[in-house]
Amino acid sequence: MNPSLLPSLAWFARIAHHRSFTRAAAEMGVSRAALSQNLKTLERELGTRLLYRTTRDMALTEAGQRLLDSLQPALRQIEYALHGLGDADGAVSGLVRINTSRLAARTLIEPQLAGFHARHPGVRLELVMADALSNIIADGCDVGIRLGRSLAGHVVAVPLSPPVSMAVVGAPAYFARHGVPDTPADLAGHDCINYRYPGTGALHDWDFREPGAGGRHFTQAVSGKLTTNDDEGMTRMALQGLGLIQIVDIAVRRQLADGRLVQVLRDWRHEDAGFYLYSPAREHMPPAVRVLLDFLVERRETMPSR
């Protein structure tokens, strides 16, 4: 391999990550023109086009995507090795990119940031918000956080929270007007706020489990006047008394505790595995990733369980 290609390959990976010459150039402290010329030279050396470019957008070609998928792990290993040189004195440093849903970021990461950075001031965190489960390697991330363990077979999953349940909640004012449902079937007569998954566009069918030991899990479609793909917006709608929502219980723990929301259908609630942190491999885990994982697992023990 020609060693002179290494800088250009690294620059290509940053352009592909940002999908922008301007943002990549700003990150690396070079001009946009220099970055564009460097990419053209790389494409000429490789004899193939790596990016489709227009005045407003860019996209990877098939060859560009294959090259990026191969480059990312190698570049991350180089980055880990360089960070490891600076950790000889015991102070961990480096950047950890976390692919996370907004809900996990809000409930698990953001409340812990001050404590984590007080303990590990040399570690930088980048939160990549993606509600749909994605390829963390292709996205240039080190770890991902998602609800449940329905993850790809090649990843390692570590629990970060106790089990959770899907809570049906509404504002006291809503129940004063419409009454309280006694069974999931009663929801047909209620205004339910639908949630649309950002990744697939599918509507969330509400999860329930029949009362009693060994009760059957089932899902039920609901209807109402409002639909959103933002769980925070959905909660705000419920707080206004606009309808019932089903949401992970830890996302509305505060509102339930102070009485702004009330949980119903408790006997029918469906319990699920909690949030998990997943990583491509446990072997040779970078120190910065390891201290983040250890910190979050430690804080997991302080989270209240039902």
Side-chain angles (χ1 to χ4, degrees), residues 98-119 125 127-131 144-148 158-181 184 187 190-198 204 206-209 222 224 226-277 292 295-306:
I98 308 169
N99 183 296
T100 176
S101 68
R102 289 170 174 79
L103 176 58
R106 191 168 64 252
T107 57
L108 298 177
I109 303 298
E110 292 172 10
Q112 310 297 348
L113 290 177
F116 177 76
H117 283 127
R119 187 180 301 182
L125 301 178
L127 303 183
V128 180
M129 302 298 181
D131 287 314
I145 299 176
R146 287 297 184 279
L147 186 63
V158 179
L160 293 184
S161 78
V164 298
S165 69
M166 300 302 296
V168 177
V169 302
Y174 175 87
F175 294 119
R177 294 193 306 270
H178 302 284
V180 176
L187 293 174
H190 283 266
D191 207 347
C192 299
I193 299 170
N194 265 303
Y195 177 80
R196 190 179 298 281
Y197 291 105
H204 167 64
W206 290 15
D207 290 278
F208 296 102
R209 188 169 295 277
V222 297
L226 295 168
T227 300
T228 180
N229 65 356
D230 175 24
D231 63 284
E232 281 193 283
M234 185 172 67
T235 303
R236 289 192 296 270
M237 294 173 192
L239 287 167
Q240 295 177 59
L242 298 176
L244 302 181
I245 63 172
Q246 186 180 64
I247 194 167
V248 178
D249 56 357
I250 64 173
V252 290
R253 186 166 280 151
R254 258 179 327 146
Q255 295 90 334
L256 291 172
D258 62 24
R260 287 181 293 159
L261 291 175
V262 177
Q263 184 174 354
V264 296
L265 300 176
R266 286 178 176 270
D267 292 341
W268 297 82
R269 70 180 182 272
H270 171 64
E271 295 190 355
D272 206 343
F275 285 94
Y276 281 74
L277 180 143
L292 174 65
F295 184 86
L296 293 176
V297 169
E298 172 191 318
R299 294 303 174 98
R300 177 189 67 196
E301 305 304 323
T302 69
M303 292 186 65
S305 58
R306 298 181 308 281

Original post:
Does a salt bridge link Asp230 with Arg236, judged by any charged N lying under 4.0 Å from a carboxylate O?
Top reply: yes
Subject >> Nearest heavy atoms of Pro172 and Gly259, plus distance in Å >> reply: CG-O, 3.5 Å
**OP:** Can you measure from CZ (Arg102) to CG (Leu127) and round to the nearest 0.5 angstrom?
**Re:** 11.5 Å
**OP:** For residues 249-274, pull every pair meeting ring pair (Phe, Tyr, Trp, His ring centres under 6.0 Å), keeping only residues two or more places apart or in separate chains.
**Re:** His217-His270
Original post:
What do the steps show when you test Val248 against Met166 for side chain to side chain contact (heavy atoms under 4.5 Å, CB included), and what is the final call?
Top reply: CA-CA 5 Å; Val248 178; Met166 300 302 296; 3.9 Å; yes
Subject >> Verdict with reasoning, Met129 to Thr100, per side chain to side chain contact (heavy atoms under 4.5 Å, CB included) >> reply: CA-CA 5 Å; Met129 302 298 181; Thr100 176; 4.0 Å; yes
Subject >> Lys/Arg N to Asp/Glu carboxylate O, Asp231 vs Arg106, below 4.0 Å >> reply: yes
**OP:** Specify whether Tyr195 and Tyr197 have parallel, tilted or perpendicular ring planes, treating 30° as the upper limit for parallel and 60° as the lower limit for perpendicular.
**Re:** perpendicular
**OP:** Drop me the distance from Ile250's CD1 to Ser165's OG, to the nearest 0.5 angstrom.
**Re:** 10.0 Å
Original post:
Which pair of non-hydrogen atoms, one from Ala273 and one from Leu147, has the smallest distance, and what is that distance?
Top reply: O-CD1, 3.6 Å
**OP:** Indicate yes or no for a side-chain donor-acceptor contact from Arg269 to the backbone of Arg266 under 3.5 Å, with no hydrogens or angles considered.
**Re:** yes
Original post:
Could you give the distance from CD1 (Ile109) to CG (Leu160), rounded to the nearest 0.5 Å?
Top reply: 7.0 Å
Original post:
Between the side chain of Gln112 and the main-chain N/O of Leu296, is any donor-acceptor distance below 3.5 Å?
Top reply: no
Original post:
Can you tell me if CZ on Arg177 sees more than 12 non-hydrogen neighbours from other groups inside 6.0 Å?
Top reply: yes
Subject >> Criterion side chain to side chain contact (heavy atoms under 4.5 Å, CB included) on Glu298 and Arg119, from CA distance to verdict >> reply: CA-CA 13 Å; Glu298 172 191 318; Arg119 187 180 301 182; 2.9 Å; yes
**OP:** With the side chain counted from C-beta on, respond yes when Asn99 and Arg146 share a heavy-atom pair under 4.5 Å apart, and no when they do not.
**Re:** yes
Original post:
Which atoms form the tightest heavy-atom contact between Pro159 and Tyr276, and what is the distance?
Top reply: N-CD2, 3.5 Å
**OP:** Please examine the side chains of His190 and His178, heavy atoms only from C-beta on, and report whether any two atoms are closer than 4.5 Å.
**Re:** yes
Original post:
Atom CG of Leu239 and atom CD of Gln255: how far apart are they, to the nearest 0.5 Å?
Top reply: 5.5 Å
Original post:
Can you check whether Met237 reaches Ile245 side chain to side chain, under 4.5 Å on heavy atoms?
Top reply: no
Original post:
Just by distance, do the side chain of Ser161 and the backbone of Phe275 share a donor-acceptor pair under 3.5 Å?
Top reply: yes
**OP:** Please report the shortest heavy-atom distance between Leu261 and Ala171, naming the atom on each side.
**Re:** CD2-N, 3.9 Å
Subject >> Taking every non-hydrogen atom, the tightest pair across Val168 and Phe208 >> reply: CG2-CE2, 3.8 Å
Subject >> Residues that Asp191 engages under salt bridge (Lys or Arg N to Asp or Glu O under 4.0 Å), provided they are two or more places apart >> reply: Lys225
Original post:
Atom CD1 of Ile193 and atom OG1 of Thr228: how far apart are they, to the nearest 0.5 Å?
Top reply: 9.0 Å
Original post:
Going through the checks in order, is the side chain to side chain contact (heavy atoms under 4.5 Å, CB included) test met by Leu277 and Leu108?
Top reply: CA-CA 11 Å; Leu277 180 143; Leu108 298 177; over 6 Å; no
Subject >> Inter-residue atom distance Leu244.CG - Gln263.CD, 0.5 Å rounding >> reply: 12.0 Å
Subject >> Nearest heavy atoms of Leu292 and Phe116, plus distance in Å >> reply: CA-CE1, 3.6 Å
